[in-house]
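Each remark here refers to the structure printed beneath this line.
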Amino acid sequence: MLHKLNQPQQAAVRHLDGPLLVLAGAGSGKTRVITQKIAYLIEQANYDARHIAAITFTNKAAREMQERVGHLMDPARLKGLTVSTFHSLGLQLVRAEHAALGYKPRFSILDSADAVKIISDILATTDKDEIRGAVSTISRLKNDFVSPDAALVNAQDDNELRFARVYRAYQDTLFAYQAVDFDDLIRLPVELFEREPDILTKWQLKLRYLLIDEYQDTNVCQYRLIKQLTGFHGKFTAVGDDDQSIYAWRGASVDNLRLLKEDFPSLEIIKLEQNYRSTSRILKAANTVIGNNPKLFEKKLWSELGIGDPISVVEMKDEEHEAEMVAMRLLAHKFENRTTFTDYAILYRGNHQARVLESHLRNHKIPYQISGGQSFFDKAEIKDVLGYLRLIANQNDDPAFIRAVTTPKRGVGNVTLEKLGGLAAERKVSLFEAVHLPSFETLVQAAQYEALQTFCGFINRIHSRASREPGGALLREMLTAIDFETWLYESDEPRPAETKWKNVLELVAWFDKRAEENGDTLIDMTQKIALITLLEGRSEDEVDAVRLSTLHASKGLEYGHVFLVGCEEGVLPHQASIDSGMVEEERRLMYVGITRAQRSLTITYCGKRKRAGEWSIVQPSRFLLELPQDEIRVSGRLAGERNVVVSRQEGKAKLANLLAGLGSKPEA
DNA sequence: TGGGAATTCGTTTTT
DNA sequence: CGAATTCCCA
């Protein structure tokens, strides 16, 4: 079964005795190694599938892995195999151990919007920078496994002390809501395992072999979890690539790669350097660019797929022209090479860059699909429905209460809610409970009191049925009862209302499907949903469409022909990263972008760009100068509106000159 | 209280 | 320039 693997891949699969780190370059077949290793563990090493866990970062990666293992061996022998994201594993742990953690079985999972709202309430401010700072500081503390108390004790200055207090208050609020946030899903199990060795032992016996995908993206907390679960045996395989570490801003610690060596002296390291994806020109470009970063492990990608086309670097006047050019070139290329739309991807640094591209693609009738950006579960109408479900599952969930009680409008507004909130805070109960307090009746007008009683009664009635009856049907009944469809059409134009209602129906259908497949009840589903960001079961790959994606969301994917747009100083590398000295991570982002391409790569940048309605002159990205200059073809206004091949002789200096001269050029 | 109108505000990336 | 929030009146 190992014959389809190259030497280092085979070695990685066979190594079972101790901890293993696989340094897998882009396109070097890391998923193949992980899936084959799962099969190997079961078929050759007599592991029971239920003792193996493969951990990924995205649901998509988990799904793909599950599917690929399924093709490799008899699904019957895979029964009980854990293939999940860090966060769903965390959810599984928190659910199983809710009692030891002091949580009700039906706690809520708050999304980041809820977290932001809670933190701005605590800060009592509307200052966006302040809120943003607090949110990221708290998240960073959590990811670094610092408890609120530790943060209070360790605070070095007034500012840190302030953040620590906000952190403390935030955590208390979450507990009062019986809610956890994303970071808690990892942090709480780690905390518990540290406190209760018996519980840890139980889970160590359950998960005896761990395979971790995208190891370079793990944060301090996640690393601790891995260390706890694998214990001193260190039975795990970590697969990662330091050059593709692009989530430091989210707490990912590349240092975990170094720590692995330190904490597990018997660590075996295997490098995968043969690339099965790209032409050697593309790999040369990737290697050269990333060569400008300091290295923890030396690594050089190579392939046997031929030289390939030169890399195009195109300068455009502004983003409109850039989008138009991409659309035109794409169509021409497709016609010439008889390819399909799915062979193309357009990659960019920030989500907002997609808008211009979208409109030009639409003009040319080019079908496209956007990955990244707003997910299905972030849409207002879906969050409305989920608000109801969260409240049904957990009546202490105040954010859900507010959302549900005001959507659709039922005669309860801000004034009433503020009174209710005041009473709830005073008595230290949830909003839902406060409605039933005798003193509440005297606080508000009869009509509002009546409306709230009716509302709570309604939620209670659904609640009593939610853990018994099938999800879809009950959800449908609830939507009818609250006249959700009517409300959508009343509060919007017919067309968007129709789209929204369709989305809701899709959610219902999804509940039906999950109930059928996994026997999940309405309650089960409600908890899991917060973790699902990508559309499941939607024909992502079936439709023939060009992919639009952020560089971040493109990691792990590959496309025949890639357009990498907006390669300008301030965009890629992003200004905030330049300012905070994080250019190395931006370079890795560039590296990720380049290595998505299999056969052709077109890089574009603009001379000027509209920012907040204002035009500003921009400079080409420094990364363009880092490309191997004899492998690229420069065209556009810069080269006098005609293609110019920059030869080896002309060299780097000439291109540097051309690029540098651009910014000082007078406007055409 | 709720919905439309005016005004302000601002752009990184996401489990 | 477009979105989201605040404002204001029925």
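Since the structure is predicted, the reported quantities are computational estimates derived from the model, not experimental observations. Residue numbers begin at 1 in each chain, while the letters A, B, ... track the order of the sequences.
- Counting any heavy atom pair closer than 4.0 Å across all strands shown, A:Arg588 reaches no nucleic acid atom.
- Contact between the side-chain N/O atoms of A:Thr550 and the OP1/OP2 oxygens of B:dT14 is found at a separation under 4.0 Å.
- For A:Asn351, a side-chain nitrogen or oxygen approaches OP1 or OP2 of B:dT14 to under 4.0 Å.
- Side-chain proximity of A:Thr85 to B:dT15, C:dA3, B:dT13: nearest is B:dT15.
- What separates CG of A:Asp318 from P of C:dC1 is a distance of 13 Å, to the nearest Å.
- Rounded to whole Å, atom P of B:dT15 lies 21 Å from atom OH of A:Tyr215.
- Rounded to whole angstrom, the span from the NZ atom of A:Lys117 across to the C1' atom of C:dA4 amounts to 13 Å.
- A salt bridge (Lys or Arg N to Asp or Glu O under 4.0 Å) with A:Lys555 holds for exactly one of A:Asp243, A:Asp241, A:Asp217; it is A:Asp217.
- The interatomic distance linking A:Tyr348 (OH) with B:dT14 (C1') rounds to 14 Å, in whole Å.
- A ring-centre distance under 6.0 Å is found for A:His552 and A:Tyr247.
- Here A:Trp249 counts as stacked on B:dT13: its ring centre is under 5.5 angstrom from the base ring centre and the planes meet at under 30°.
- Rounded to whole angstrom, the span from the CZ atom of A:Arg609 across to the P atom of B:dG10 amounts to 21 Å.
- For the pair A:Ile402 CD1 and B:dT1 P, the computed distance is 14 Å after rounding to whole Å.
- Put simply, CD on A:Glu319 is 11 Å from P on C:dG2, counting in whole angstrom units.
- Each of B:dT14, C:dA3, B:dT1 was ranked by its minimum atom distance to the side chain of A:Arg355; first place goes to C:dA3.
- The pair A:Arg588-A:Asp242 does not meet the salt-bridge criterion, since no charged nitrogen lies less than 4.0 angstrom from a carboxylate oxygen.
- Aromatic ring centres of A:Phe107 and A:Tyr177: separated by at least 6.0 Å.
- Between A:Glu319 and A:Arg609, at least one side-chain nitrogen of the basic residue sits less than 4.0 Å from a carboxylate oxygen of the acidic one, meeting the salt-bridge criterion.
- In this structure, CD of A:Glu214 is placed 14 Å from P of B:dT14, rounded to the nearest angstrom.
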